[in-house]
Peer 1: 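Okay, here's the structure, questions in a sec.
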Amino acid sequence: MLDAGSFRSWDAAPLAVPTNPDYRRELDEAAAATGLDESVLTGEGTVFGRRIAVVACEFDFLAGSIGVAAAERITAAIERATAESLPLVASPSSGGTRMQEGTVAFLQMVKIAAAVELHKRAHLPYLVYLRHPTTGGVFASWGSLGHVTAAEPGALIGFLGPRVYEHLYGEPFPKGIQTAENLHRHGVLDGVVPLEVLRSVLHRTLKVVLDPPGLLSDPPEPEPVADVPAWDSVEASRRPDRPGVRYLLEHGTTERVLLSGTGGQGEAATTLLALARFAGQPAVVVGQQRGRGGGLVGPRALREARRGMSLAASLRLPLVLVIDTAGPALSAEAEEGGLAGEIARCLAELVTLDTPTVSVLLGQGSGGPALAMVPADRVLAAQHGWLAPLPPEGASAIVYRDVDHAPDLAAAQGIRSLDLLHDGVVDVIVGERHDASDTPADFTDRLAATIAAELVALRDVPDDARLAARLRRYRRIGLP
């Protein structure tokens with residue numbers, strides 16, 4: 001992972017802890033077998049010349065288990081990384097708590113977790129690469145606190161070790177659950193990364209998170225927007241070939257790092273989370289994918305959006321939110337999962353978020369899940385983007401008890417981009433030159449350039465002034 005010859009150890013002799021003869025013999029045998037004095041190595045090195053701190057487990061030393069001495073070494077390294085303002089890469093490979101030291105060893109996870117949290121509160125990156133195997137208290141503490149968390153292919157990753165489960169319950173743990181690939185599919189991990197490409201992924205991640213914004217060329221000139229009926233925009237927004245957030249990332253950004261949710265299952269797959277740069281401007285991107293999971297957003301997808309908000313605030317990166325949803329998931333599972341509460345928390349957290357925010361109404365903006373991603377510092381809309389409490393058919397069903405009046409309701413409710421601009425909901429409309437589906441590359445270039453220009457403008461606004469302006473804006477919408 002590191003530049004050749006760049007590693008420098010931070011390790012002193014391990015802290016002396018009480019041992020009995022059997023435990024002392026195990027420690028001596030582990031040291032002889034590995035050439036190490038504990039289960040953890042710490043130090044620093046460089047990745048493409050960038051200085052980083054490293055904490056890594058050696059599984060062959062008592063199964064990478066963490067006792068008092070190992071925990072003290074980890075904590076001291078995290079604290080040093082924080083003091084020296086270094087990004088920290090942790091790579092656990094561990095069975096968890098060292099049983100030979102009992103409950104005292106178990107409690108060591110508290111101080112490690114505290115040190116990690118303070119490192120993150122200093123707005124310093126904490127990146128985790130889980131190796132085979134990582135289980136127990138290590139996975140349930142510093143192994144699960146990364147801003148970004150990846151694992152090696154085929155790694156056993158889980159809270160309860162399968163051997164322990166079998167002895168406790170008399171049956172094997174179900175196969176295929178505690179694998180890196182399965183946990184990635186379920187959004188627990190951000191990625192499965194082979195060791196041979198870890199270095200390049202780490203480099204790309206740190207470029208987004210740490211490198212200063214690039215210089216921006218002249219922003220695109222606003223274009224006239226055709227005055228078309230609202231229903232035309234609704235139909236255009238529903239075309240299956242309309243460019244969405246994934247197309248925007250692939251063709252409108254650089255240094256992309258896709259995070260959890262991109263390969264998820266069910267309704268969680270409707271939210272995409274990534275790190276990327278728009279014309280050199282770094283951002284966390286949260287985007288709704290209407291082509292996934294039926295395009296209906298449920299509580300898991302909104303929790304993913306809230307993770308993006310937290311990530312942006314912690315890393316002091318701007319947040320770009322892309323709205324494109326057919327509406328909320330209307331199901332028993334969504335209700336029991338707290339859909340309404342997740343919408344409320346998204347709204348409350350986004351409108352008060354301590355970082356620059358740009359929302360993009362890319363296509364359909366139906367219902368609470370769309371509203372949950374609207375209240376940003378600046379709101380952009382594609383020409384055929386729209387925002388409504390319900391899809392027009394739903395509004396028609398309420399008012400007229402049929403869906404035939406949907407076009408009339410779309411016009412009457414002021415849902416199209418031109419109406420939203422007039423009402424102060426939208427700041428800028430990005431023209432589609434008829435329809436973005438017909439010229440996706442051209443439209444995406446102009447949208448990405450507009451996003452970049454907004455990020456540059458927001459960067460120069462003091463934090464307090466930016467938040468005050470945002471709150472004032474949403475306080476006044478709809479007032480005479």
Peer 1: Look only at the side chain of Arg306 and the backbone of Arg345, and say whether a donor-acceptor pair between them is shorter than 3.5 Å.
Peer 2: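 Checking the backbone N and O of Arg345 against the side chain of Arg306, no donor-acceptor pair under 3.5 Å is found.
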Peer 1: Hey, does the side chain of Arg473 reach the backbone of Val425 with a donor-acceptor pair shorter than 3.5 angstrom?
Peer 2: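 Here the side-chain-to-backbone pair exists.
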Peer 1: When you look at CG of Leu215, are more than 12 heavy atoms from neighbouring residues, nucleotides or ligands closer to it than 6.0 Å?
Peer 2: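 Atom CG in Leu215 is not packed in, count stays at 12 or less.
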Peer 1: For Ile323 and Gln288, which heavy atoms make the closest approach, and how far apart are they?
Peer 2: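 Smallest heavy-atom distance, with atoms named: CA-OE1, 3.4 Å.
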Peer 1: Among Gln383, Arg239, His384, which residue meets the side-chain hydrogen bond (donor to acceptor under 3.5 Å, both in side chains) test with Asp435?
Peer 2: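 Checked Gln383, Arg239, His384 against Asp435; only one passes side-chain hydrogen bond (donor to acceptor under 3.5 Å, both in side chains): Arg239.
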Peer 1: Is Arg416 reaching over with its side chain to a backbone N or O of Val228, donor-acceptor style, under 3.5 angstrom?
Peer 2: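 Judged by distance alone, yes, a pair lies under 3.5 Å.
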Peer 1: What pairs meet the salt bridge (charged side-chain N to carboxylate O under 4.0 Å, His left out) rule with one or both residues in residues 364-389, with sequence neighbours excluded?
Peer 2: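 For residues 364-389: Asp377-Arg466, Asp377-Arg470, Arg378-Asp427, Arg378-Glu454.
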Peer 1: Please check if the side chain of Ser144 supplies one atom and the backbone of Ala140 the other of a donor-acceptor pair under 3.5 Å.
Peer 2: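 Between the backbone of Ala140 and the side chain of Ser144 there is no qualifying donor-acceptor contact (under 3.5 Å).
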Peer 1: With a 3.5 Å distance limit and no angle check, can you tell me whether His119 reaches the backbone of Pro125 through a side-chain donor-acceptor pair?
Peer 2: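 Yes.
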Peer 1: Among Val358, Leu350, Leu361, which residue meets the side-chain contact (heavy atoms from CB on, under 4.5 Å) test with Leu321?
Peer 2: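 With Leu321 as partner, Val358, Leu350, Leu361 yield a single side-chain contact (heavy atoms from CB on, under 4.5 Å), made by Leu350.
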Peer 1: Any side-chain donor paired with an acceptor under 3.5 Å for Trp386 and Ser417?
Peer 2: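 No.
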Peer 1: Compile the donor-acceptor pairs under 3.5 Å between side chains in residues 110-118 and protein atoms, sequence neighbours left out, one pair per line.
Peer 2:
unit_1	atom_1	unit_2	atom_2	d
Lys111	NZ	Glu72	OE1	2.8
Lys111	NZ	Gln108	OE1	2.8
Glu117	OE2	Arg121	NE	3.1

Peer 1: Identify every side-chain donor-acceptor pair in residues 364-375 under 3.5 Å, counting partners at least two apart or on other chains, and give the distances.
Peer 2:
unit_1	atom_1	unit_2	atom_2	d
Gln364	OE1	Arg238	NE	3.2
Ser366	OG	Ala326	O	3.3

Peer 1: Without swapping roles, check the side chain of His123 against the backbone of Leu315 for a donor-acceptor pair under 3.5 Å.
Peer 2: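 No; zero donor-acceptor contacts below 3.5 Å.
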Peer 1: Between Gln281 and Arg459, is any side-chain donor less than 3.5 angstrom from a side-chain acceptor?
Peer 2: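 Gln281 vs Arg459: donor-acceptor pair found between side chains.
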Peer 1: Crowded around Asp464 CG? As in, over 12 foreign heavy atoms under 6.0 Å?
Peer 2: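 Counting neighbours around CG of Asp464, 12 or fewer heavy atoms of other residues, nucleotides or ligands fall under 6.0 Å, so no.
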Peer 1: Not counting sequence neighbours, list each pair that qualifies as a salt bridge (charged side-chain N to carboxylate O under 4.0 Å, His left out) and has a residue in residues 130-158.
Peer 2: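 Output for this query is empty, none listed.
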Peer 1: Does anything in residues 310-326 pair up under salt bridge (charged side-chain N to carboxylate O under 4.0 Å, His left out), and if so which pairs, sequence neighbours excluded?
Peer 2: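 For residues 310-326, and leaving out neighbouring residues, the salt bridge (charged side-chain N to carboxylate O under 4.0 Å, His left out) pairs sorted by first residue read Arg290-Asp324.
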Peer 1: Please check: side-chain N/O of Ser141 versus main-chain N/O of Gly137, any donor-acceptor pairing under 3.5 Å?
Peer 2: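 Present.
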Peer 1: I need the full list of salt bridge (charged side-chain N to carboxylate O under 4.0 Å, His left out) pairs touching residues 193-202, with sequence neighbours left out, sorted by first then second residue.
Peer 2: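 Pairs touching residues 193-202 that pass the test: Asp3-Arg199.
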Peer 1: Test your reading of the model: is there a side-chain donor-acceptor pair from Tyr126 to the backbone of Val148, 3.5 Å cut-off?
Peer 2: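 Not at all, since once roles are kept as given, no pair shorter than 3.5 Å links the two residues.
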Peer 1: Could you tell me if Ser396 and Asp402 have a donor-acceptor pair between their side chains, going purely by distance under 3.5 Å?
Peer 2: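 On atom types as modelled, these side chains qualify, holding a pair under 3.5 Å.
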Peer 1: In terms of heavy-atom contacts, does CZ of Phe159 have more than 12 from other residues, nucleotides or ligands at under 6.0 Å?
Peer 2: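 No, because the 6.0 Å sphere around CZ of Phe159 holds 12 heavy atoms or fewer from other groups.
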Peer 1: Hey, do the aromatic rings of His203 and Phe48 have their centres closer than 6.0 Å?
Peer 2: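 Aromatic pair counts; centres sit under 6.0 Å.
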Peer 1: Looking at Asn182, is its backbone amide N or carbonyl O close enough to the side chain of Thr179 to form a donor-acceptor pair, meaning the two atoms are under 3.5 Å apart?
Peer 2: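 Looks like yes, one N/O pair under 3.5 Å.
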Peer 1: Can you check whether Ala441's main-chain N or O pairs, donor with acceptor, with Thr444's side chain at less than 3.5 Å?
Peer 2: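 The answer is no, because no donor-acceptor pair under 3.5 Å joins these two groups.
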